[in-house]
Asker: 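Pasting in a structure now, in structure tokens, and then I'll have a few things to ask.
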Number of protein chains: 2
Amino acid sequence: MNVRTLCLAILNCGDSTGYEIRKLVSEGHFSHFVDASYGSIYPALNRMEQEGLVVSRQEEQEGKPNRKVYSITSDGQAEFSAALTKPAQKDLFKSEFLLLAMCAELMDPEALSRAIDEQLEYLKAELALIDAHVEEVDMAGANWVGDYGRACLSSALNYLLTNRADLEEIAKQARAKPVLIAAE
Amino acid sequence: MNVRTLCLAILNCGDSTGYEIRKLVSEGHFSHFVDASYGSIYPALNRMEQEGLVVSRQEEQEGKPNRKVYSITSDGQAEFSAALTKPAQKDLFKSEFLLLAMCAELMDPEALSRAIDEQLEYLKAELALIDAHVEEVDMAGANWVGDYGRACLSSALNYLLTNRADLEEIAKQARAKPVLIAAE
DNA sequence: TAGGCCATGTAACCGGTTACATGATTAG
DNA sequence: CTAATCATGTAACCGGTTACATGGCCTA
């Protein structure tokens, strides 16, 4: 899923500006499963306007800069539909924390404990964000997606809380033993 | 986490070749939370050898091409430790499926059902992979990480199985009603 | 005999981020 | 007076992927 299609998806739900799209995808209720920055959103919007997939109008505001409000066209909707029809890409998940956890035996116990604390905070923050966003959004799918996210995050959180000691034990015991590599 | 550090992490667990590293990170037991391809692994390994973070030796094999086996040096271990000590990057999660789900009301019900089926298959396949990998690996952290993954994936799977009908209903009802956008 | 696995590597490309430029307004 | 928010945009950079080149061996 490239930024282009992402913008179409959001504009298909209603008119918006580049600024608002960025907020949605990197802080708002879309931010849990997509991301994009100004540097990719604005050029994408401009190019799509040239191609006739979206149109824009200037909106003046008092005390604030002008907004450039984009609307999706029927061509844009067609392109978006086409994107929806073909099989979705697989989820992408990258976790530095799990890499650390995998290498627990090589880690300094304190550094590991710190990493666990941070992961715990991160998971809690994500859960809180979902709660905050779901309230303020009225898309039909949003609640469903919110609950999906809660299910995953809370089971991760729960696992981490109840099993962190086991992981920390691995780091401690490895530290107690003489390092194997040195023995070779 | 860049490819460089990823290679160091793996070499810190034991000697390996570029070919093996790629297998581990994109098909093996690391593939659930990291990824990298030949085009980034080989250059990273070469550069790190120049910098003295790793060393290599040729190993001849009968009936197969030579292997270039890399070992981490003490300089490499130092760099890796440094990377472990500083706060880990947050998890990165991108999901085209959740984007579709969010836009359920705009989707063709059949396309949505297909997407759900595919997501279900994907989650099952990931779970099966974990089971397969955990058996063949002896790293201390691997079981812990495997269980973490199972916790997340199985709750996602479970949620999807028990709640897919609700999502499908959103798509169907939106289709039944006249499209709102057209009414504007 | 075709295709897949082993194994290493490179070059072109690309989708994106980071950092910057600009500038008014409002809140602390 | 400072920092943040609103708002749009660009240019340089970068980390990575894709696709290709090479070539022997093994399996269907």
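In what follows, chains carry the letters A, B, and so on, assigned in the order in which the sequence lines appear, proteins first and then strands, with residues in each chain numbered from 1.
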Asker: Could you state the atom-to-atom distance from OH of Tyr19(B) to C1' of dC25(D) in whole Å?
Answerer: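 So the two atoms are 13 Å apart, to the nearest Å.
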Asker: Send over the distance from Arg47(B) CZ to dT8(C) C1', rounded to a whole Å.
Answerer: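 After rounding, the reported distance stands at 19 Å.
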Asker: To the nearest Å, how far apart are Arg67(B) CZ and dG24(D) C1'?
Answerer: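 So the two atoms are 17 Å apart, to the nearest Å.
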Asker: Asn66(B) and Gln61(B): side-chain donor and acceptor closer than 3.5 Å?
Answerer: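 No donor-acceptor contact under 3.5 Å links the two side chains.
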Asker: Please determine if Arg164(B) and Glu168(B) form a salt bridge, counting it only when a charged side-chain N lies under 4.0 Å from a carboxylate O.
Answerer: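 Looking at Glu168(B) together with Arg164(B), the answer is yes, because their closest N to O distance falls below 4.0 Å.
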Asker: Do Arg150(B) and Ser154(B) have side-chain N/O donor and acceptor atoms under 3.5 Å apart?
Answerer: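 No, no side-chain donor-acceptor contact under 3.5 Å.
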Asker: Which is more 5' along DNA chain D, the nucleotide nearest Tyr42(A) or the one nearest Glu62(B)? Just name the residue.
Answerer: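 It is Tyr42(A), whose closest nucleotide lies nearer the 5' terminus.
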Asker: What is the separation between atom CD on Glu49(B) and atom C1' on dT8(C), rounded to the nearest whole Å?
Answerer: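 One finds 13 Å between C1' of dT8(C) and CD of Glu49(B), rounded.
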Asker: Between Tyr38(B) and Asp35(A), which residue's closest nucleotide on DNA chain C lies nearer the 5′ terminus?
Answerer: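 With Asp35(A) and Tyr38(B) compared, the 5'-side residue is Tyr38(B).
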Asker: Leu24(B) CG to dA7(C) P: how many Å, rounded?
Answerer: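 For the pair Leu24(B) CG and dA7(C) P, the rounded distance is 13 Å.
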Asker: For a quick test of reading the model: is some side-chain N or O of Gln61(A) closer than 4.0 Å to OP1 or OP2 of dA7(D)?
Answerer: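 Affirmative; the distance criterion is met.
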Asker: Quick one: does any side-chain atom of Gln77(B) pair with a main-chain N or O of Asn12(B) as donor and acceptor, under 3.5 Å?
Answerer: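 The answer is no, because no donor-acceptor pair under 3.5 Å joins these two groups.
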Asker: Within the side chain of Asn163(B), is there an N or O that forms a donor-acceptor pair under 3.5 Å with the backbone of Asp166(B)?
Answerer: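 Looks like no, no N/O pair under 3.5 Å.
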Asker: Take the protein atom CD1 of Ile21(B) and the nucleotide atom C1' of dG16(D), then report the distance between them rounded to whole Å.
Answerer: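 From Ile21(B) CD1 to dG16(D) C1': 16 Å.
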Asker: Return the value, rounded to whole Å, for the distance between atom CD of Glu60(A) and atom C1' of dT8(D).
Answerer: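 Spelled out: CD on Glu60(A) to C1' on dT8(D) is 15 Å.
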Asker: How bent is the helix from dT1(C)-dA28(D) to dG28(C)-dC1(D), comparing axes over its five end pairs at each side, to the nearest 10°?
Answerer: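 The two end axes of the helix from dT1(C)-dA28(D) to dG28(C)-dC1(D) meet at 40°.
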Asker: If you find the nucleotide of DNA chain D closest to Ser40(B) and the one closest to Glu20(A), which residue's nucleotide is nearer the 5' end?
Answerer: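 It is Glu20(A), whose closest nucleotide lies nearer the 5' terminus.
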Asker: Given dA7(D), dT8(C), dG23(D), which nucleotide is nearest the side-chain atoms of Pro65(A)?
Answerer: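 Selected nucleotide: dA7(D).
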Asker: Would you say Thr17(A) places a side-chain N or O within less than 4.0 Å of OP1 or OP2 belonging to dT8(D)?
Answerer: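 Yes, because at least one side-chain N or O of Thr17(A) sits under 4.0 Å from OP1 or OP2 of dT8(D).
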Asker: Please tell me which of the listed nucleotides, dT8(C), dT10(D), dG16(C), lies nearest to the side chain of Lys68(B)?
Answerer: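 Ranking dT8(C), dT10(D), dG16(C) by closest atom to the Lys68(B) side chain puts dT8(C) first.
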Asker: Answer whether the closest heavy-atom distance between the side chains of Asp91(B) and Tyr122(A) falls below 4.5 Å.
Answerer: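 Yes, at least one pair of side-chain atoms sits under 4.5 Å.
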Asker: More 5' along DNA chain C: Ile41(A) or Lys64(A), using each one's nearest nucleotide?
Answerer: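 It is Ile41(A) whose nearest nucleotide is closer to the 5' end.
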Asker: Return the orientation label for the Tyr38(B) and Tyr19(B) ring planes: parallel under 30°, perpendicular over 60°, tilted otherwise.
Answerer: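 Ring orientation, 0 to 90° scale: parallel.
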Asker: In this structure, how many angstroms lie between the P atom of dC6(D) and the CD atom of Glu59(A), rounded?
Answerer: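 After rounding, the reported distance stands at 16 Å.
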Asker: Taking OP1 and OP2 of dC6(C), is either one under 4.0 Å from a side-chain nitrogen or oxygen of Lys23(B)?
Answerer: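 Looking at the OP1 and OP2 atoms of dC6(C), one of them is under 4.0 Å from a side-chain N or O of Lys23(B).
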